[in-house]
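What follows is a single structure, written as structure tokens, with notes after it.
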Amino acid sequence: MVKHNSADRAAKKGKSPADFWAEYEQNTGEKVVARSLGQYVSGWDEFDNPPGNPMWGLIIATSGGFRFHHFPQTNWFTALARIGSLDDPPREKTIFIPAGRIVSAVLHKETKWYKKIFSADVPRLVIRYRDEAGGERELLLYADLQSDGIAEALTM
């Protein structure tokens, strides 16, 4: 499994990571407070039927709330499968939860060094939020090991 970070994508398009984030802030109108790479697991209806590939993206805490931004991923196998297909090409997907609807955010991460050696658990970001109908829901994402500060930024 190969993961690419936003800096890699930005460099391929001729942008520096700083340019990418400045443009992202301009497009959303929100200040990026904390960010990480992660994988969607569950809790957002529109994302619950992925086409078979893990859904990787950027986990972003902004001044306006929480965002998970998935960029389309293709590999040689999915590209071959699409030849002659009438399906639409993969497109970007975004989860946005406004700050006022976030109930809590917790990053579950092993902190003891000896357990890190023997444990395969990746950090899990759990965000409890209120949906549009007012019901409480839970969003679960696997987070990159360098995801410190995300949960704290969402609960400020």
Side-chain angles (χ1 to χ4, degrees), residues 1-10 17 20-21 24-25 27-82 85 87-112 115-156:
M1 163 176 45
V2 175
K3 297 187 289 184
H4 300 282
N5 65 31
S6 59
D8 291 340
R9 282 193 189 93
F20 173 85
W21 289 110
Y24 196 89
E25 288 179 344
N27 289 341
T28 61
E30 300 170 359
K31 176 82 174 137
V32 173
V33 180
R35 62 185 188 256
S36 180
L37 180 65
Q39 180 184 358
Y40 170 80
V41 178
S42 65
W44 197 259
D45 293 340
E46 296 170 30
F47 281 32
D48 280 341
N49 294 314
N53 291 332
M55 194 173 299
W56 289 93
L58 297 172
I59 296 173
I60 308 166
T62 69
S63 57
F66 170 79
R67 292 178 183 276
F68 176 79
H69 196 118
H70 165 73
F71 295 92
Q73 302 163 334
T74 56
N75 57 36
W76 68 271
F77 182 74
T78 56
L80 284 175
R82 289 193 35 74
S85 170
D87 292 341
D88 291 332
R91 63 190 200 327
E92 293 182 19
K93 294 182 178 184
T94 303
I95 293 173
F96 175 64
I97 303 172
R101 292 192 359 217
I102 296 173
V103 175
S104 66
V106 178
L107 181 67
H108 298 280
K109 183 177 179 180
E110 187 53 62
T111 57
K112 295 182 174 77
K115 286 189 177 181
K116 287 181 186 180
I117 294 171
F118 299 108
S119 173
D121 286 343
V122 296
R124 294 173 325 279
L125 179 62
V126 179
I127 301 171
R128 297 202 58 80
Y129 67 97
R130 297 207 181 281
D131 61 18
E132 292 179 6
E136 197 165 302
R137 307 271 318 260
E138 184 174 280
L139 181 67
L140 175 61
L141 301 132
Y142 292 145
D144 185 53
L145 295 174
Q146 306 301 319
S147 55
D148 293 333
I150 297 278
E152 294 82 1
L154 293 172
T155 56
M156 295 178 122

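When a residue number appears, it is its place in the shown sequence, counting from 1. Note that the structure is a prediction, hence the values are computed from the model and not measured.
Arg67 has its side chain out of reach of Ile95: every pair of non-hydrogen atoms, C-beta onward, lies at least 4.5 Å apart. Between Leu139 and Val126 there is no side-chain heavy-atom pair separated by less than 4.5 Å. Side-chain contact between Phe96 and Arg101: absent, with no pair of heavy atoms (C-beta onward) separated by less than 4.5 Å. Side chains of Ile60 and Phe66 form no contact here, defined as non-hydrogen atoms less than 4.5 Å apart. Contact check for Lys93 versus Tyr40: no side-chain heavy atoms found under the 4.5 Å cut-off.
Ser36 contributes atom OG, which lies 5.0 Å from atom CD1 of Ile59 (distance to the nearest 0.5 angstrom). How far OG1 of Thr94 is from CD of Glu46: 10.0 Å, rounded to the nearest 0.5 Å. Note that CG of Leu140 and CD of Gln39 are 9.5 Å apart. Values are rounded to the nearest 0.5 Å.
When all heavy atoms of Ala143 and Val122 are compared, the closest pair comes out as O-CB, 4.5 Å. The shortest heavy-atom contact between Gly149 and Ala34 is O-CB, 3.8 Å. Leu154 and Gly65 make their closest contact through CD2-O, 3.6 Å (heavy atoms, listed as atom of the first residue, atom of the second, distance).
When each of Leu141, Leu125, Leu107, Ile127 is paired with Ile150, the side chain to side chain contact (heavy atoms under 4.5 Å, CB included) condition holds for Leu125 and for no other.
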Evaluate the criterion side chain to side chain contact (heavy atoms under 4.5 Å, CB included) for residue pair Trp21 and Leu58; output intermediate values, then yes/no.
-> CA-CA 11 Å; Trp21 289 110; Leu58 297 172; 3.8 Å; yes
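Partners of Arg137 according to the side chain to side chain donor-acceptor pair (under 3.5 Å) rule, which considers only residues two or more places apart in sequence or in another chain, are Asp45.
Among residues at least two apart or in separate chains, ring-ring contact (aromatic ring centres under 6.0 Å, His included) pairs with a member in residues 129-156 are Trp44-Tyr129.
Using a 4.0 Å cut-off between charged side-chain N and carboxylate O, Glu136 and Arg128 make a salt bridge.
Side-chain contact check for Glu92 and His70: no donor-acceptor pair (N or O, by modelled atom type) lies under 3.5 Å.
In this pair, His69 and Tyr24 present their aromatic rings perpendicular. The plane angle is above 60°, beyond the 30 to 60° band.
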